[in-house]
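First the structure, in the form of structure tokens, and then the observations on it.
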Amino acid sequence: MPAPSLNRPQRAAVRTLSGPLLVLAGAGTGKTRVITYRIAELIKHGVKPGRILAVTFTNKAAREMKERALGLLGRKRRGASAPEISTFHSLCVRVLRRHITLLGYPSAFSIYDRGDQESVARSAIRDIRVGHEKLRPGDLLAQISAWKGASVHAEQALELAETDKQQLAAMAYERYQAALRAAGAVDFDDLLLCTEQLFREHPEARFAEASRFDHLLIDEYQDTNGLQYRIVRALAERHRNICVVGDDDQSIYGWRGAEVAHILGFANDWPDAKIVKLEDNYRSREPILQLANTLISHNSARHDKKLRASRGGGDAPRFLRFEDETAEAQAVVREIRQRIDATGEDRVSPSDIAVLFRTNEQPRAFEMELRRERVPYVLVGGMSFYDRKEVRDLLAYLRVLANPSDEVSLLRIINTPPRGIGTGTVQTLLSDAVAQGQPLWNVLPSALHDGRVPHAAAERIELFRRMIDAYRARLGQEPLGDVLRQLFDTIDYRSELERVYKTPADVEARWNSVEELVNAVAQYAARADQPSLLGFLEETALAGREDMRDDKTDKRQVHAVTLMTLHSAKGLEFPHVYMVGMEEGLLPHQRSVADGGQQIAEERRLCYVGVTRAQDTLALTLSKARMKWGKLRPAIPSRFLMEMRGETDRAQRIAEASSARHQEDAAKHDGAPKKRAAKKRPAKRTAKKRSAAKPEKKPETARRRATGSTNT
DNA sequence: CCCTGCGCTTTTTTT
DNA sequence: AAGCGCAGGG
């Protein structure tokens with residue numbers, strides 16, 4: 001790796017080897033490079049690598065940083081201990097593995113991902129409903145996440161809840177959390193929440209963890225939430241060697257509880273902090289940076305800084321408008337094709353191109369066109385390997401082996417493949433489990449004596465239970481890969497695939513995933529120091545959204561156009577960027593238009609992040625109309641397009657038009673349920689049936705009702 | 001118990 | 001347009 005020289009402020013940051021250090025750095029100024037060089041510098045000055053902890057935003061960033069830091073030190077050091085570089089979540093998992101029993105969780109706790117969380121959320125809200133005021137799993141999870149980010153536990157949420165919806169969510173939160181605890185499971189937020197609680201309630205554990213490191217470095221500090229902030233403080237208060245790096249203009253995770261106040265208040269938290277500003281942008285050509293600077297200047301509450309472009313020249317960014325999203329995708333993809341096919345200096349490698357968008361439904365049209373034009377592409381954050389149904393099924397088996405209390409996983413596999421244990425039987429057993437306050441797994445043996453469970457089903461359950469137990473017993477004894485292969489053989493998953501999927505090609509594709517999973521386990525077993533099923537599951541849970549580190553996929557990706565959301569693009573750069581769907585309702589997103597102020601500012605930062613990803617060329621595209629639920633809707637150009645060109649008045653008018661339209665939509669949305677309720681007889685009937693138990697939708701009654709149903 | 005088809009709802013970003 | 005829940009037949 002060539003070592004480009006550092007400029008003066010960068011050097012100053014790298015050479016500050018102790019004490020609190022804040023690096024306030026704009027986009028493309030070499031933030032990550034400062035951290036990497038500083039790690040290498042510390043080691044050169046005799047700090048043991050193992051005493052350094054660096055925290056990054058993604059696992060991918062962590063891997064890359066580790067590579068580079070070790071590269072700077074030369075190969076001979078590779079054998080020695082390495083600095084610890086990981087995400088907050090990985091860090092917390094490791095802490096919790098050592099201490100979580102102090103909090104009453106099993107040491108083999110499961111980590112629930114989004115899909116698992118939705119299952120739990122769904123059953124938590126099942127009968128919490130007042131009038132037409134209902135809660136959707138997604139809404140509940142968002143609210144819970146917001147509370148957890150602010151360290152609000154379930155019991156406190158009830159008191160804090162203000163709106164009716166929040167009241168409902170608070171009640172569901174209690175159930176949700178109870179279900180997780182009963183399953184010996186934690187969700188992603190719990191990883192942080194539990195760690196914070198551990199540090200607060202068990203000083204000896206905090207001391208042990210804080211003593212592992214003498215230097216702490218944190219990248220993307222503007223995106224830390226309250227939990228992360230307190231964990232950082234707990235870890236750094238002893239040695240005070242804390243270096244944080246970030247850019248307040250790139251704070252885009254406010255919805256997850258991130259607060260810019262943490263980076264802006266760093267100097268207050270650590271009064272002796274040294275502050276370094278980086279304002280020389282080495283990434284983007286001057287006209288691109290100009291656009292970005294003008295755009296972000298529309299945000300009022302920010303640390304004022306102007307980025308200087310060190311790369312002059314370059315084309316002015318283009319603004320392109322199309323009839324609809326199909327035309328938009330066609331035009332962009334056709335242009336990409338031409339750039340790839342060009343000869344000589346104009347030739348562009350697919351991997352130098354990125355298409356950035358706001359929401360996950362946008363790439364659909366682009367995928368279609370890219371396939372049609374046979375342009376290689378990678379969709380980042382889309383359906384990953386670990387989201388495939390067959391992989392999730394088999395992973396559920398593994399998770400039950402590791403932790404039989406894991407109810408979501410147990411429910412998923414108890415009749416997959418179908419083995420004659422129907423929903424009726426499962427419901428009976430589930431209510432037994434609830435009545436006895438036991439995990440479902442523990443009441444399975446009682447099925448044989450439970451008169452309500454059909455004899456045939458009870459026998460199937462017993463077979464299933466013994467099978468799982470037998471494999472559990474083999475876990476520590478035989479190689480992991482062998483055990484799993486035989487397990488998948490025993491349940492005859494191959495036949496299940498043949499039954500469900502009609503064409504041989506489908507079956508083959510699905511079976512390939514199964515084999516890939518077995519391979520992934522084998523690879524893990526070969527790589528890990530002390531391979532364990534738990535370790536494997538932990539890796540898949542934390543890195544699941546990323547692509548598997550499969551050589552084949554890696555090679556394909558090297559030559560592919562990147563499709564991703566603006567959020568995933570943070571920290572990356574591409575020579576050629578297309579920002580698509582630059583419309584009101586998408587960017588800024590509808591839900592931010594509703595709230596105005598704060599939220600629009602975050603959308604503006606998101607747009608800023610997008611623009612500053614581009615090195616050489618940038619195209620911003622939009623459609624005049626866009627399909628929504630099968631209907632074509634006219635679109636308003638994004639106010640940000642006007643803002644970045646300095647047309648502030650026009651931007652203002654668009655903002656007004658956009659809110660007006662949002663009001664209309666909201667009115668329509670509110671009116672619709674009335675119509676539906678009036679139109680539909682069946683709806684009335686259900687309402688009548690329930691009416692005996694269902695009073696008006698008052699908050700207090702709502703609480704009583706839903707609390708009552710918690711017991712059932 | 002298991003499968004199919006119909007109708008209803010659907011509005012963001014992710015470790 | 002698509003995924004989910006529910007009803008009805010094998």
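These numbers come from the heavy atoms of this one structure, side chains and all, not from hydrogens, waters or symmetry mates. Just so we're clear, the structure is a prediction, and the values are computed from it rather than from any experiment. Below, chains carry the letters A, B, ... as their sequence lines are ordered, and counting in each starts from 1.
Of the candidates A:L587, A:V580, A:L586, A:F357 forms a side-chain contact (heavy atoms from CB on, under 4.5 Å) with just one, namely A:V580. Checking A:E584, A:E323, A:E583, A:E361 one by one against A:R626, the salt bridge (charged side-chain N to carboxylate O under 4.0 Å, His left out) holds for a single residue, A:E583. When each of A:L191, A:T195, A:L227, A:V232 is checked for a side-chain contact (heavy atoms from CB on, under 4.5 Å) with A:F88, only A:V232 meets the rule.
Minimum atom distance to the side chain of A:H89 is reached by B:dT15, of the listed B:dT12, B:dT15, B:dT13. With B:dT15, B:dT13, B:dC1 as the choices, the nucleotide that has an atom nearest any side-chain atom of A:F188 turns out to be B:dT15. With B:dT12, B:dT14, B:dT10 as the choices, the nucleotide that has an atom nearest any side-chain atom of A:T359 turns out to be B:dT12. Here the side chain of A:K628 is nearest to one of B:dT14, B:dT11, C:dG5, namely B:dT11. Nearest to the side chain of A:W629, among B:dT12, C:dA1, B:dT13, sits C:dA1.
When rounded to the nearest whole Å, the span between CZ of A:R364 and C1' of B:dT10 equals 12 Å. For the pair A:I144 CD1 and B:dT15 P, the interatomic distance rounds to 20 Å; values are reported in whole Å. To the nearest angstrom, P of B:dT13 lies 13 Å from CG of A:D139. Taking atom NZ of A:K60 as the reference point, atom P of B:dT14 lies 14 Å away to the nearest angstrom. In this structure, the CD1 atom of A:I600 is 15 Å from the P atom of B:dT12, given to the nearest Å. Distance, A:I231 CD1 to B:dT15 P: 17 Å, rounded to whole Å. Between the CG atom of A:N360 and the P atom of C:dA2 there is a distance of 16 Å, rounded to whole Å. When rounded to the nearest whole Å, the span between CD of A:E196 and P of B:dT15 equals 22 Å.
OP1 or OP2 of B:dT14 has at least one side-chain nitrogen or oxygen of A:T565 nearer than 4.0 Å. A sub-4.0 Å separation between OP1 or OP2 of B:dT15 and a side-chain N or O of A:R256 is absent. The side chain of A:S568 contributes an N or O atom lying less than 4.0 Å from OP1 or OP2 of B:dT14.
Figure legend: cation-pi geometry between A:K624 and A:F322 absent, as NZ or CZ is not positioned both under 6.0 Å from the six-membered ring centre and within 45° of its axis. Geometrically, A:R371 does not engage A:Y377 in a cation-pi contact defined by less than 6.0 Å to the ring centre and at most 45° from the axis.
Rounding to the nearest 0.5 angstrom, the gap separating the CE atom in A:M467 from the CZ atom in A:R419 is 5.0 Å.
With the nearest nucleotide of DNA chain B identified for both A:H589 and A:N415, A:N415 has the one nearer the 5' end.
Residue-level contact check: A:T425 touches the backbone only, with heavy atoms under 4.0 Å from sugar-phosphate atoms and none from bases. Within 4.0 Å of A:R122, counting heavy atoms only, lie sugar-phosphate atoms of the nucleic acid but no base atom. Within the 4.0 angstrom heavy-atom criterion, base atoms lie near A:R114. When heavy atoms are screened at a 4.0 angstrom cut-off, A:G585 is found touching no nucleic acid atom at all.
The environment of A:R460 atom CZ is sparse: at most 12 non-hydrogen atoms of other residues, nucleotides or ligands sit within 6.0 angstrom.
Stacking between A:F88 and B:dT15 is absent: the ring centroid is not both under 5.5 Å from the six-membered base ring centre and under 30° in plane angle. Residue ring and nucleobase are not stacked for A:Y253 and B:dT14 under a centre distance beneath 5.5 angstrom and an angle between planes beneath 30°.
With both ends at atom P, the span from C:dC4 to B:dT13 equals 16 Å, rounded to whole Å.
Residues from residues 416-423 of chain A placing a heavy atom under 4.0 Å of any atom in DNA chain B, listed by number, are A:P418, A:G420, A:G422, A:T423.
Less than 6.0 angstrom separates the ring centroid of A:Y253 from the ring centroid of A:H567.
Residues A:D249 and A:N299 form no side-chain contact, since every pair of their non-hydrogen atoms from C-beta on lies 4.5 Å or further apart.
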